[in-house]
2 protein chains.
Amino acid sequence: MNNNSKILIIDDERQIRKLIVITLESNNFYVLEAATAKEGLQMAAMHPPDLIILDLGLPDEDGQSVLVKLRDWYISPIIILSVRDAETDIIQALDNGANDYLVKPFRTGELLARIRNALRNKFESNNQSIITFQNITIDLVARIVKKDNAVLKLTSTEYSLITLLARNENKVLTHQFILREIWGPGYVEQSQYLRVFIAQIRKKIEENPNQPKIIITESGIGYRLVGEDI
Amino acid sequence: MNNNSKILIIDDERQIRKLIVITLESNNFYVLEAATAKEGLQMAAMHPPDLIILDLGLPDEDGQSVLVKLRDWYISPIIILSVRDAETDIIQALDNGANDYLVKPFRTGELLARIRNALRNKFESNNQSIITFQNITIDLVARIVKKDNAVLKLTSTEYSLITLLARNENKVLTHQFILREIWGPGYVEQSQYLRVFIAQIRKKIEENPNQPKIIITESGIGYRLVGEDI
DNA sequence: TTTTATTTGTAAAGCTTTTTAACATTATAT
DNA sequence: ATATAATGTTAAAAAGCTTTACAAATAAAA
């Protein structure tokens, strides 16, 4: 997994870059650094990395704009960095195609976990007809969901919702994104729907629905389906 | 439309071939002939035609098998010919990717209409976000269906169903195919569902639901959404 | 052509799912 | 620690789907 994957950091704060470089290099990643948006875009184009860590607060260009430019052609994971009081930016970045986010200051352990997660997904094919996570199996062709080999009775909305989350295993999906995908663009404000249906699904798949281990709430942002119980 | 499109006929009956050749050539089509499956497959591979007319009753190989082999690589329309008492074959052929069918004996006018239909579809892009037919418009992104510019209130099943039919404008979709696509593979026997929902949609889109002009019944086979009122 | 059988269409009741609403709990910010 | 915002829970109301019974239309047979 961490065998020589190439990672590009785009961040203007030298201290943060240094912290990340030390953490990653001691875990056998090969690290590239860029201090500005311009430099980062050039470097990404010249030496396409396996993963990009992008700070949203760059001096020379808006982070969202950098993200959109990257996503034009770059398909590997992008993890964004942001300060705590800029949650709107995080949400927008996730909608713009970021895979995950880290709020500064962050623990280096968390950084590594997020990177491993993102890279793991990268290597898993995305066109399977059977998705498995924790003790759950989804057969996309037969449209059957099983928990420990027992078939679950799901309504069609419940099925669509868990399938959407499962196809984006370990990735935070914003409320807006989920509502747009499942109910359509006219429903992006109806987050109450989501609460009701997430609750229903949790009742069916979680061992302990009021302490969920599969569908995790990312408060203020959305939900994340966790592939492996950690 | 009929400006020099190349059409290949695969049929062992010399009389039928002659009839088709005369009809098509007098309408400015360029016609290729094959009398056996082997010959037809070779000819299709050497001079890929714009449309293939395939008789299911060939002497040297089962028609379905020829169809499957063609569909491996051939994406342009295939119209099948069949005798009246082989409706099972027609249904299977449509499921195997045939675009349309003609029952022998057929009127030459009908042959021409079916060919023009199939070729028209070929030239229309299939990745639009707005589909229009007769006085109906479907906006696939907004998930809105309009009749004469008035928004129709459709349930989600109704919406999925009309969208499926519309994406296959002028093509017969078998009951099984529709049920599999909309309700899932466990529901291919539930053709009553289809009758109920087709009736509901007709009530909303047809001027005169008991004399439908948009969603046409193909008795014993399935339904067809007609793009242009003729 | 008339009769029979099969397929398709219609309508409504019963059941399930979705939506709405009111309130409780938990998480986040001050 | 408290206030505010976000999320979770529950259940009633509304909407939609499924089933049933029967009618009409179409295709096949006599």
Side-chain angles (χ1 to χ4, degrees), chain A residues 82-88 90-91 103 143 152-162 172-176 178-179 182-184 186-206 208-224, chain B residues 82-88 90-91 103 143 152-162 172-176 178-179 182-184 186-206 208-224:
Chain A
S82 174
V83 289
R84 177 153 296 287
D85 59 353
E87 296 232 315
T88 322
I90 293 175
I91 295 172
V103 172
R143 304 196 200 193
L152 295 181
K153 190 164 159 31
L154 299 186
T155 71
S156 78
T157 305
E158 287 164 8
Y159 176 79
S160 306
L161 182 48
I162 197 174
V172 186
L173 301 183
T174 64
H175 300 131
Q176 283 220 354
I178 299 173
L179 288 161
I182 306 293
W183 281 271
Y187 292 75
V188 291
E189 306 290 320
Q190 303 292 326
S191 40
Q192 172 62 9
Y193 285 18
L194 216 43
R195 286 183 217 119
V196 172
F197 278 88
I198 291 287
Q200 278 171 2
I201 293 176
R202 279 174 174 162
K203 270 189 207 156
K204 295 182 183 181
I205 66 170
E206 299 277 0
N208 188 357
N210 33 327
Q211 207 175 301
K213 296 246 182 297
I214 301 177
I215 299 178
I216 301 299
T217 302
E218 302 275 344
S219 195
I221 300 175
Y223 296 92
R224 179 203 297 263
Chain B
S82 173
V83 290
R84 176 152 297 286
D85 58 352
E87 296 231 315
T88 322
I90 293 175
I91 295 173
V103 172
R143 304 197 200 193
L152 294 181
K153 189 164 161 30
L154 299 185
T155 71
S156 75
T157 305
E158 287 164 9
Y159 176 80
S160 306
L161 182 48
I162 197 174
V172 186
L173 301 183
T174 63
H175 300 132
Q176 282 220 353
I178 300 173
L179 287 162
I182 305 293
W183 280 271
Y187 292 74
V188 291
E189 307 290 320
Q190 303 292 326
S191 40
Q192 173 61 8
Y193 284 20
L194 215 42
R195 287 184 215 118
V196 172
F197 278 88
I198 290 287
Q200 279 171 1
I201 293 176
R202 278 174 174 162
K203 271 188 208 158
K204 296 183 182 180
I205 67 171
E206 299 277 359
N208 189 355
N210 33 328
Q211 207 176 299
K213 296 246 182 297
I214 301 177
I215 299 177
I216 301 299
T217 301
E218 301 274 345
S219 193
I221 300 175
Y223 295 92
R224 179 202 298 262

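Throughout, a chain's letter reflects where its sequence line sits, starting with A, and its residues are numbered from 1.
For the pair A/E189 CD and D/dA6 C1', the interatomic distance rounds to 15 Å; values are reported in whole Å. When rounded to the nearest whole Å, the span between CD of B/E206 and P of C/dG9 equals 11 Å. When the P atom of D/dA14 is taken as reference, atom NZ of B/K153 falls 14 Å away, rounded to whole Å. Remark: C1' of D/dC17 and OH of B/Y159 are 20 Å apart, rounded to the nearest angstrom. Spacing between atom CD of B/E218 and atom C1' of D/dT26 amounts to 13 Å, rounded to whole angstrom units. The nearest whole Å value for the distance from the NZ atom in A/K204 to the C1' atom in C/dT16 is 11 Å. Atom CG in A/N208 sits roughly 14 Å away from atom P in D/dG8 (whole-Å rounding). In this structure, the CD1 atom of B/I198 is 18 Å from the P atom of D/dA25, given to the nearest Å.
Atom CZ of residue A/R195 and atom CD of residue A/Q190 lie 10.5 Å apart, to the nearest 0.5 angstrom. In this structure, A/I162 CD1 and A/I182 CD1 are separated by 11.0 Å, a value rounded to the nearest 0.5 Å.
Look at B/T217 and you'll find a side-chain N or O under 4.0 angstrom from OP1 or OP2 of C/dG9. Note on A/S219: every side-chain N or O is 4.0 Å or more away from OP1 and OP2 of D/dA6. Dashed line: the shortest gap from a side-chain N or O of B/H175 to OP1 or OP2 of C/dT7 is not under 4.0 Å. Taking only side-chain nitrogens and oxygens, B/W183 comes nearer than 4.0 Å to OP1 or OP2 of D/dT18. Under 4.0 angstrom from either OP1 or OP2 of D/dG8 there lies at least one side-chain N or O belonging to A/R202. OP1 and OP2 of D/dC17 both lie 4.0 Å or more from every side-chain N or O belonging to B/Y187. Side-chain nitrogen and oxygen atoms of B/Y193 include none within less than 4.0 Å of the OP1 or OP2 phosphate oxygen of C/dG9.
Ring geometry for A/Y223 versus A/H175: interplanar angle over 60°, hence perpendicular rather than tilted (30 to 60°).
With C/dT10, D/dT9, C/dT17 as the choices, the nucleotide that has an atom nearest any side-chain atom of A/T155 turns out to be C/dT17.
Evaluation of atom-type donor-acceptor distances gives no pair under 3.5 Å for the side chain of A/Q192 against the base of C/dT20.
Evaluated for a ring pair (Phe, Tyr, Trp, His ring centres under 6.0 Å) with B/F197, the options B/Y187, B/Y159, B/W183 yield exactly one hit, B/W183.
Nucleic acid contact class of A/S191 (heavy atoms, under 4.0 Å, all strands): none. Within 4.0 Å (heavy atoms only), B/Q190 reaches sugar-phosphate atoms of the nucleic acid but no base atom.
Nearest approach of A/V103 to A/V83, heavy atoms of both residues: CG1-C, 4.2 Å.
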